Amino acid sequence: MALVPYDDRDGFIWLDGKLVPWRDAKFHFLSHSLHYASAIFEGMRCYNGCIFKLTAHSRRLIDGCKIMDMNFPYTVEQVNAACMEAVKANNISDGYIRPLVWRGAQQMGVAAPQANIHFGIAAWDWPQYYKGDILDKGIRVTTSQWRRPAPDTAPVHVKASGLYMICTISKQAAEAKGYNDALMLDYRGYVAELTSANFFMVKDGVLHTPMADCFLNGITRQTVIGLAQDLGIDVQERVILPDELATADECFATGTAAEVTPIGSIDHIAYAVGPVTRKIREAYGTLARTPKAEAA
Ligand code: PMP
C-alpha cells in the first residue's frame, strides 16, 4: 500500500493561532523539541464532526504543560475552540485530531526557559485504526523487552513525546515479528499497557486492569471503567502479574485511536473474543457516536 506522506497533503493546520496551508506547517531544525523531546501531544477522535471527550483531552494537555514547565498560554476553552476549528477547516467527519505543544528554537541546550512555546493542531480523516477481520479475531500481541518507567524516573502521567521512544521501538520490533502490538511491563515487572493503549483482562466475568500508577490513565480507560460499571460488570484496578495472563478468559486494549480492541493472543496464549469484550466495545462505540452526549 502506497504511503501518503503526512507533510504532503491538502488542508490546513492550526498553528499558533492561525490556519496555515498543510504543506507550509514547517519548523526549524534547531527547535528544542526535536533535540530534547520537550513536546506534549494529544490524540482525539471525532465522530460525525463532534470531538469525543474534547474537554478531558484539552485539560490533560494543559496539565501536562505545567508538569513539563512549559508556559502554555491557552485556556481549556481556547484549546477546545482551536481543535474544532482544525476539524471544520479540514471538513472532517470521522477522524483523528493531533494537537502538539513544543519548544521552539530561540534557545539551544537542555534548559531553554526563553524558548517560545508553540501550539499546533492537525486533523485528518481516520475512520478506524484496525480494519477488517482483525477485530473479529483480536490483535496479536507480544511482550516488549522495554518497561514503563517509575513515576520518579519520568513524568509518566503526561502524554509527553519523550515517553514514546520506547513505544516506537517496542511496536516496531513487534511488527517486524508479525505481531500487531507489544505489551509493556512496568519497572516492577507488573503488566502495564500496550504501546499506545491501556490493557484490560476478563476473568470469570470480572474486569481487571492494572492500576495506572506509572502510565497514562487513559481517557478511554476511564470511560470503559464507567461503562462496565453501568453494565453491572465488576471492575478491579489492581496489580496484574504476567503469570496471570494465562488464566484470563478475554483481553482487550483501550485508547482513543484503538477504541476497544480485542486481543486475540499475547505471545503463546490465545484468547477468544468473548461476550464481555463485545458488550463493552459496542457500548463504547454507541457512546462515542452519540452527538454531544459526552462533550467533557
Ligand atoms: N497509553 C498510551 C501510551 C497511549 O499513547 C494512549 C493513547 N493516548 C493510551 C494509553 C490511552 O489513552 P487515551 O484513552 O486517553 O487515548
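Count residues from 1 along the sequence. Note that the coordinates shown come from a computational prediction; the quantities given were computed from them, not determined experimentally. Order of appearance sets the numbers: ligands from 1, and atoms from 1 within every ligand.
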Worksheet item: Can you find a heavy atom in the side chain of Cys214 that is under 4.5 Å from one in the side chain of Tyr187?
Response: yes
Worksheet item: Tell me, which protein residue and heavy-atom name are nearest atom 8 (N) of ligand 1, and how many Å apart are they?
Response: Lys159 NZ, 2.7 Å
Worksheet item: To the nearest 0.1 Å, how far is atom 2 (C) of ligand 1 from its closest protein heavy atom, and which atom is that?
Response: Glu193 OE1, 3.5 Å
Worksheet item: Nearest heavy atom to atom 7 (C) of ligand 1: which of Ala212, Ser196, Gly255 does it belong to?
Response: Ser196
Worksheet item: Taking 4.0 angstrom as the limit, do Lys279 and Glu250 come out as a salt bridge?
Response: no
Worksheet entry | Within 45° cone of Tyr6 ring axis and under 6.0 Å: Arg9 NZ or CZ | yes
Fill in: Neighbour count >12 (heavy atoms, 6.0 Å) for atom CG, Asp234
yes
Worksheet item: Of Lys159, His57, Arg98, which is the lone residue that meets side-chain hydrogen bond (donor to acceptor under 3.5 Å, both in side chains) with Glu42?
Response: His57
[X] versus ligand 1: do any nitrogen or oxygen atoms come within less than 3.5 Å of each other?
X: Arg60; result: yes
X: Thr254; result: no
X: Gly43; result: no

Worksheet item: Contact between Thr195 and ligand 1, counting heavy atoms under 4.0 Å?
Response: yes
